[in-house]
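First the structure, in the form of structure tokens, and then the observations on it.
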Amino acid sequence: SPAKHIVKVDGRAGLFKGLGPRLCSSAIGTVVHSKVLQCLLGSCSLSDASFPVQPGVSKKEPVSSLEQVLKETSREMVARSAATLITHPFHVITLRCMVQFIGRETKYSGTLSAFTTIYREEGILGFFAGLIPRLLGDILSLWLCNMLAYLINTYALENGGVLGDRGGVFGVAAWLQRGSKVPFLLPQVSTMAEMKSYSQAVTGFFASMLTYPFVLVSNLMAVNNCGLAGGLLPYAPTYSSWLDCWSQLHREGNMSRGNSLFFRKVPAGKRYVWE
């Protein structure tokens, strides 16, 4: 397996190449994501407070679940995009630290020195190699996951699920009016919540499978023609843009290359020489 080969060549430490910039990316991304969400939620509350409430009108009008999903997904999209934009340089450094294993290079030996190397050789744009397909993949995955989960939870679970058409608060009131005992209802509510959480996980997995080609193209462009053996022939061709990379992978039938952790195949038309 790839892990055994890495341990054989570099020892167990080889499995942790790029860990430093990866941890930096995760920490900074979490902070940026939370700060942006706080700003968006604060601006929404301010905009709601700017409209005076008319006499006789309820202060809080009921919001449809679809409208709520659209608003929450839009805020999450902005927050994720901001975090991805800020942390993408660390993502590029992480990938290049790992790709060095192919050619046995030590060009990117540390996070700070890697920033200097990329800026000297490629300029500012080098820090954002592969950013566009990564952003597109994240946005598409987020919307697919949330909308599929909404459709499943609304039309498959609530309308035809455990609580039937009278689920939620109205279902509880109806059961109490009919004299049913609350302990009999609580397992149903918990079961519905569990099923919704499972549907979110399943739709997330399905969305990640559909958007994997964006991840692949982004990773290839991050190391494309960067001076490392893994980004040059014979290991990888030189791409003029991410669209060129996409079209070549599509022609070769390699859009799902590397999507399996346990089963690997040599890309079509490629031949590697093992030392």
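Owing to the predicted nature of the structure, the values given are computational and were not obtained by experimental measurement.
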Cluster link [X] to [Y], ILVMFWY, side chain under 4.5 Å:
X      : Y      : answer
Leu210 : Leu216 : no
Phe214 : Leu243 : yes
Val31  : Val78  : no
Tyr235 : Val223 : yes
Trp143 : Tyr150 : yes

Nearest 0.5 Å, please: how far is [atom2] in [Y] from [atom1] in [X]?
X      : Y      : atom1 : atom2 : result
Asn224 : Ser218 : CG    : OG    : 11.5 Å
Thr211 : Ile139 : OG1   : CD1   : 11.5 Å
Thr87  : Ile28  : OG1   : CD1   : 7.5 Å
Ser208 : Phe206 : OG    : CZ    : 10.0 Å
Arg80  : Leu37  : CZ    : CG    : 10.0 Å
Leu220 : Asn254 : CG    : CG    : 10.0 Å

| Aromatic contact, Tyr239 with Trp246 (centres under 6.0 Å) | no

| field | Validation row, ring centre Phe115 to ring centre Tyr108 under 6.0 Å | value | no

Below 4.5 Å, heavy atoms only, C-beta onward: do [X] and [Y] meet side chain to side chain?
X      : Y      : answer
Met209 : Asn259 : no
Thr203 : Leu144 : no
Arg134 : Thr84  : yes
Phe101 : Met98  : no
Leu131 : Leu85  : yes
Glu122 : Asn225 : no
Arg120 : Thr117 : yes

Expected output: side-chain [X] to main-chain [Y] donor-acceptor under 3.5 Å:
X      : Y      : result
His88  : Ala129 : yes
Lys107 : Ala114 : no
Asn153 : Ala149 : yes

| task | Look at Arg96 together with Glu105 and state whether they make a salt bridge at an N to O cut-off of under 4.0 Å. | result | no

Shortest non-hydrogen contact from [X] toward [Y]:
X      : Y      : result
Thr111 : Pro21  : OG1-CD, 3.5 Å
Leu70  : Ser74  : O-OG, 2.7 Å
Arg75  : Leu41  : NE-CD2, 3.4 Å
Gly230 : Val99  : CA-CG1, 3.6 Å
Ser240 : Asp244 : N-OD2, 3.1 Å
Gly130 : Met221 : CA-CB, 3.8 Å

| Is a side-chain donor-acceptor pair under 3.5 Å present for Asn146 with Thr73? | yes

| query | Does the side chain of Glu252 pick up a donor-acceptor pair with the side chain of Gln248 at under 3.5 Å? | reply | no

| request: Go through the steps for Leu15 and Val7 under the test side-chain contact (heavy atoms from CB on, under 4.5 Å), then give the verdict. | output: CA-CA 7 Å; Leu15 298 175; Val7 171; 3.6 Å; yes

| said: Taking CZ in Phe128 as the centre, count heavy atoms belonging to other residues, nucleotides or ligands within less than 6.0 Å. Is the count above 12? | reply: yes

| More than 12 foreign heavy atoms under 6.0 Å from CD1 of Ile132: is that the case here? | no

| request: Please report the C-alpha distance between His91 and Asn219 in whole Å, then the side-chain angles of each, then the deciding distance to 0.1 Å, and finally whether the side-chain contact (heavy atoms from CB on, under 4.5 Å) criterion is met. | output: CA-CA 9 Å; His91 179 70; Asn219 291 343; 3.4 Å; yes

